[in-house]
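Heads up: the structure comes next, in structure tokens.
Residue numbers begin at 1 in each chain, while the letters A, B, ... track the order of the sequences. As the structure is a computational prediction, the values presented were derived from the model and not from experiment.
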Number of protein chains: 2
Amino acid sequence: MGPEELSLLPVAVDVVVFTVAPASNGRKPRLLALLVKVKEGPFAGRWAFPGGRVSSAETLDEAARRELSSQTGLARVFLEQLYTFGDPARDPGGRVVSVAYFALVPAAPALRTAARYAEAAWFPVRSLPPLAYDHDRIARVALRRLRAKLGYSNVAWSLLPPEFTLGDLERLYEAILGRPLDRRNFRKKALALGQLRPLGRVRRGPHRPGALYAFASRRPRLSPVI
Amino acid sequence: MGPEELSLLPVAVDVVVFTVAPASNGRKPRLLALLVKVKEGPFAGRWAFPGGRVSSAETLDEAARRELSSQTGLARVFLEQLYTFGDPARDPGGRVVSVAYFALVPAAPALRTAARYAEAAWFPVRSLPPLAYDHDRIARVALRRLRAKLGYSNVAWSLLPPEFTLGDLERLYEAILGRPLDRRNFRKKALALGQLRPLGRVRRGPHRPGALYAFASRRPRLSPVI
DNA sequence: ACAAAAGTGTTTCTACTACACCCATGT
DNA sequence: ACATGGGTGTAGTAGAAACACTTTTGT
């Protein structure tokens with residue numbers, strides 16, 4: 001056995017956090033991703049997904065949550081492992097094996113700006129700035145996964161606040177899929193799944209009020225959805 | 001930053017190789033997985049999926065192919081990354097982050113028994129022996145993925161020889177899904193997908209000859225299939 | 001009044017399911 | 001002749017897609 005057999009590698013996690021910007025002053029809601037500014041190394045100054053090294057006593061999931069929380073203050077997100085990127089050349093500053101995650105949070109929470117947090121901001125997924133490392137690739141994989149999961153799971157739940165109208169839900173799907181959906185068909189399917197609980201209240205606004213709903217079960221499910 | 005921030009970890013790959021045992025003397029074809037005997041450590045003597053440490057200059061895919069080839073002689077397999085297991089306690093001999101792969105090879109090739117190869121054997125997936133480490137978990141994830149991929153990709157291609165009958169294809173699906181399929185419906189769908197090229201020849205045997213087919217494109221595709 | 005979102009049914013088409021009999025060959 | 005796998009069509013059902021107008025509210 002050569003010395004390579006015993007090689008130890010830095011292992012990192014990178015987290016792609018998606019959210020949806022609520023519709024505002026006439027603009028449709030948009031899918032956003034969270035980026036932080038790289039502080040050091042060859043890519044200093046560029047944007048990248050939050051992440052960092054896995055320490056020796058934690059699981060990968062724990063590392064992802066810890067890094068996300070420490071860099072951006074976000075916690076209690078929906079988190080799922082995405083893919084592991086291990087190309088020796090993916091980080092010119094030295095080989096790092098990175099386990100990528102994707103995460104969902106409801107309604108673009110305001111980011112903490114305290115000094116303890118990294119410089120972070122939400123960017124529209126349609127127009128991300130140039131990213132550090134191989135994070136373009138990670139972004140593509142994450143978006144593909146999110147869209148695919150819309151079709152066979154209820155992950156969309158994790159992007160909505162506790163109460164929402166059917167219009168909110170539909171616009172969410174449209175923002176992620178990047179195409180319009182038929183309102184009547186969408187409502188039929190959404191209601192037929194039996195996962196929505198009508199709250200008996202309405203949301204008022206400068207137009208006809210919409211009935212408010214909540215998800216019957218808060219936990220992610222794998223039943224086919226929409 | 002504490003010292004954990006700089007921790008280096010052993011990174012390994014583990015490969016779940018599936019194949020299908022051809023039907024023989026009246027028994028239906030069965031889905032098999034390849035196991036090797038663990039030589040050292042707390043699990044010495046138990047069976048595990050082939051794999052090993054990733055060395056410093058290779059990609060993860062390369063490491064998977066190298067380990068598979070060096071331990072079992074198998075090459076040119078269909079290979080796809082599955083999931084990364086990083087629980088600190090998954091290997092009682094010391095923490096190892098393992099990137100699991102799943103691989104498909106046609107028609108259970110005879111395994112090399114030369115001294116340079118590990119002791120390896122094919123086992124029916126239905127009745128695997130007790131496995132080392134957390135490889136039971138890896139096995140479940142791999143089987144779930146294989147079954148899911150049958151539904152929306154043409155991975156089955158990689159499990160069949162260059163020529164086959166529709167009966168072969170159907171029995172392959174039945175072996176993986178673990179349930180019988182309707183022959184007429186299966187043939188309709190398989191042919192309707194336009195991925196099969198009739199070879200104009202038949203396979204003879206102690207019964208009516210079956211028309212031979214080949215896959216129109218050798219490359220894996222993601223078009224919905226069966 | 002008007003702007004803006006909510007709400008509602010029917011028809012068409014497609015895809016999936018269930019189901020049973022005859023055919024060609026080797027032994 | 002018989003055992004074995006190969007080959008074929010139809011009817012019923014369920015789900016997806018296309019499609020336009022009326023309602024309710026705030027301003």
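In this structure, the CZ atom of B:Arg201 is 21 Å from the P atom of C:dA24, given to the nearest Å. Remark: C1' of C:dA6 and CG of A:Asp168 are 12 Å apart, rounded to the nearest angstrom. Residue A:Phe186 contributes atom CZ, which lies 13 Å from atom P of C:dG7 at whole-angstrom precision. Between A:Arg171 atom CZ and C:dA4 atom P there is a gap of 13 Å when expressed in whole angstrom units. When rounded to the nearest whole Å, the span between CG of B:Leu212 and P of C:dT25 equals 14 Å. In this structure, B:Arg204 places its CZ atom 14 Å from C1' of C:dC23, rounding to the nearest Å. Atom CG of B:Leu196 is separated from atom C1' of D:dG7 by 16 Å (rounded to the nearest Å). The separation between B:Leu181 atom CG and C:dC16 atom P is 13 Å, rounded to whole Å.
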Step-by-step side-chain contact (heavy atoms from CB on, under 4.5 Å) determination, B:Phe186 to B:Leu169: CA-CA 9 Å; B:Phe186 183 88; B:Leu169 185 60; 3.7 Å; yes
Each nucleotide N or O in nucleotides 8-13 of chain D that has a protein N or O under 3.5 Å away: list the pair and distance.
| residue | atom | partner | partner atom | Å |
| --- | --- | --- | --- | --- |
| D:dT10 | O4 | B:Lys188 | NZ | 2.7 |

Between the protein and nucleotides 1-3 of chain D, which nitrogen or oxygen pairs come in under 3.5 angstrom?
none

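Scanning for side-chain hydrogen bond (donor to acceptor under 3.5 Å, both in side chains) contacts around A:Lys37 gives an empty result, with sequence neighbours left out. A search for side chain to side chain contact (heavy atoms under 4.5 Å, CB included) contacts involving A:Ser98 returns A:Asp14, A:Arg90, not counting sequence neighbours. Considering only residues two or more places apart in sequence or on other chains, B:Glu174 meets the side chain to side chain contact (heavy atoms under 4.5 Å, CB included) condition with B:Glu170, B:Arg171, B:Pro180, B:Leu181. Annotation: side-chain hydrogen bond (donor to acceptor under 3.5 Å, both in side chains) contacts of B:Glu163 (sequence neighbours excluded): B:Arg201. With sequence neighbours excluded, the residues that form a side chain to side chain contact (heavy atoms under 4.5 Å, CB included) with A:Pro198 are A:Tyr213. Annotation: side chain to side chain contact (heavy atoms under 4.5 Å, CB included) contacts of A:Ala103 (sequence neighbours excluded): A:Val15, A:Val17, A:Val77, A:Leu79. With sequence neighbours excluded, no residue forms a salt bridge (charged side-chain N to carboxylate O under 4.0 Å, His left out) with B:Arg46.
Nearest to the side chain of A:Lys189, among C:dA5, D:dA17, C:dC16, sits D:dA17.
Residue A:Arg203 is out of contact with every strand shown, counting any heavy-atom pair closer than 4.0 Å.
A close approach under 4.0 Å does occur between a side-chain nitrogen or oxygen of A:Thr165 and OP1 or OP2 of C:dA6.
For the pair B:Arg208 and A:Gly167, both in contact range of DNA chain C, the more 5′-proximal nearest nucleotide belongs to A:Gly167.
When all heavy atoms of B:Leu31 and B:Ala175 are compared, the closest pair comes out as CB-O, 4.1 Å.
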